Amino acid sequence: MSLHILQPFDAHLHLRTGNMAELVTPMSAAQFADVIVMPNLNPPITTVDHAISYRNYLLEIAKCNYHMAIYLTESTTVEEIQLAAKNPFIIGYKLYPLNATTGSQSGISDIKKVYPLFEKMEKLKVPLLVHGEVTRSDVDIFDREKVFIEEILTDIVQKFPKLRITLEHITTAEAVEFVLSNENVVASITAHHLLINRNAIFTVDEKTALNPHNFCLPVAKTERDRNILIKAATSGNPKFFAGTDSAPHPLSRKESSCGCAGCFTGLHALELYATAFYQFGKLAKLEDFLSIFGRLHYGLEIPSNDYITLGYEKYLIPEKLGEENLVPFMYGQILNWKIIGE
Ligand code: NCD
Ligand code: ZN
């Protein structure tokens with residue numbers, strides 16, 4: 001049994017810099033023909049110039065079609081948005097709420113301050129990519145996405161109905177519902193959120209224990225939420241598409257008293273997505289989700305004759321990679337799908 005699909009598109013990817021970039025960039029380039037690269041570096045990528053120089057840096061490491069997201073800050077100018085709109089390598093702006101996740105120290109604390117920027121983006125049809133979580137200490141961490149939708153996103157969509165919004169890495173029933181009921185809102189879905197629920201953060205080798213390698217943001221939710229995400233991802237609705245949110249951190253930053261958020265799926269994202277779709281008897285929907293719907297949303301060319309082949313074969317996920325001791329998601333486990341050729 002094998003699966004022949006058009007070269008896929010990753011709509012949400014962290015590639016970093018330095019040794020980590022050298023390690024992970026070729027892996028994603030081997031899996032995906034097009035990727036959207038996240039701007040949460042240190043310092044963050046807040047300008048078109050910086051995004052283009054980072055893109056050139058990545059091209060030196062591995063060949064791939066890199067589409068760059070720029071970090072929206074309270075200091076972003078309307079003039080920058082005009083520049084971004086004209087640049088074919090810029091895909092849109094990424095909104096991080098202040099302190100919501102890794103590298104969000106330059107994020108937005110007062111959303112109203114960036115409303116004039118949304119107005120410009122709406123007019124120029126520049127997409128907004130949203131990390132949809134509030135960070136108030138009185139809101140339960142498992143409710144952050146739901147409350148963001150209620151308190152922040154609903155107002156943005158009402159004020160800027162034509163603004164093209166991607167709600168990134170959705171994790172909840174409420175997010176699926178919001179996407180379904182708002183015309184200009186779409187969503188990316190990770191492989192890990194299709195494969196684990198929040199119990200996995202508290203399970204190691206079937207024992208109850210803290211598992212930092214399953215901790216990412218937004219944090220995984222309940223089994224009910226996971227089932228609703230799978231239903232959305234496999235529904236054939238073009239509003240839902242793949243974005244891995246592969247987020248590599250060295251082992252020392254994961255197994256730590258201050259453990260970073262992020263699951264690394266860059267090595268084996270396609271195998272993981274295939275595993276999830278196969279479990280639910282929906283392999284026939286995988287190509288649209290991986291290769292068509294995301295590109296349609298962003299107006300990217302759909303490859304006509306470039307394929308990748310997944311075989312129904314055992315694939316043991318390595319425990320660690322490179323000098324960074326990078327631990328892949330589901331390390332040590334065996335999947336039944338494996339890339340076997342073009
Ligand atoms: C991401 C990272 O490490 O850059 N971490 C994560 O848990 N997903 C940031 C992000 O997308 O939230
Ligand atoms: Zn991310």
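Please read all numbers here as calculations on a predicted model, not as lab measurements. Along the sequence shown, residues carry numbers from 1. Both counts, for ligands and for their atoms, begin at 1 and track the order of listing.
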_Quick check: do K338 and L310 have side-chain heavy atoms less than 4.5 Å from each other?_
no
Top protein contact for [atom], by heavy-atom distance:
| atom | value |
| --- | --- |
| atom 7 (O) of ligand 1 | L217 N, 2.8 Å |
| atom 9 (C) of ligand 1 | T101 OG1, 3.3 Å |
| atom 8 (N) of ligand 1 | D245 OD2, 2.7 Å |

Suppose we call two aromatic rings close when their centres sit under 6.0 Å apart. Are [X] and [Y] close by that rule?
| X | Y | value |
| --- | --- | --- |
| Y278 | Y312 | yes |
| F293 | F9 | no |
| Y93 | Y71 | no |
| Y298 | H67 | no |
| H12 | H169 | yes |

Min over K94, E168, R253, H14 of heavy-atom distance to atom 11 (O) of ligand 1 lands on H14
Can you sort out which atoms of ligand 1 are near [X], meaning under 4.0 Å from one of its heavy atoms?
| X | result |
| --- | --- |
| H12 | 11 (O) |
| A261 | 3 (O), 5 (N), 6 (C), 7 (O) |
| G262 | 5 (N), 6 (C), 7 (O) |
| C216 | 7 (O) |
| A247 | 1 (C), 2 (C), 3 (O), 5 (N) |

Can you tell me which portion of [X] lies within the under-4.0 Å heavy-atom range of ligand 1? Options are side chain, backbone, both, or neither.
| X | value |
| --- | --- |
| H131 | side chain |
| H192 | neither |
| M38 | neither |

(message) Can you tell me how the ring of Y54 sits relative to the ring of Y57, calling it parallel under 30°, perpendicular over 60° and tilted otherwise?
(response) parallel
**Request:** For E223 and N197, indicate whether the former's side chain and the latter's backbone hold a donor-acceptor pair under 3.5 Å.
**Result:** no
| Taking the side chain from S104 and the backbone from Y96, do they hold a donor-acceptor pair closer than 3.5 Å? | no
Restricting D245 to its N/O/S atoms, the closest one to the Zn ion (ligand 2) is OD1
N/O/S atom of [X] inside 2.8 Å of the Zn ion (ligand 2), strictly under:
| X | result |
| --- | --- |
| H12 | yes |
| E168 | no |
| H169 | no |

Within 45° of the axis and under 6.0 Å from the centre of the six-membered ring of Y66, does NZ or CZ of R55 qualify? no
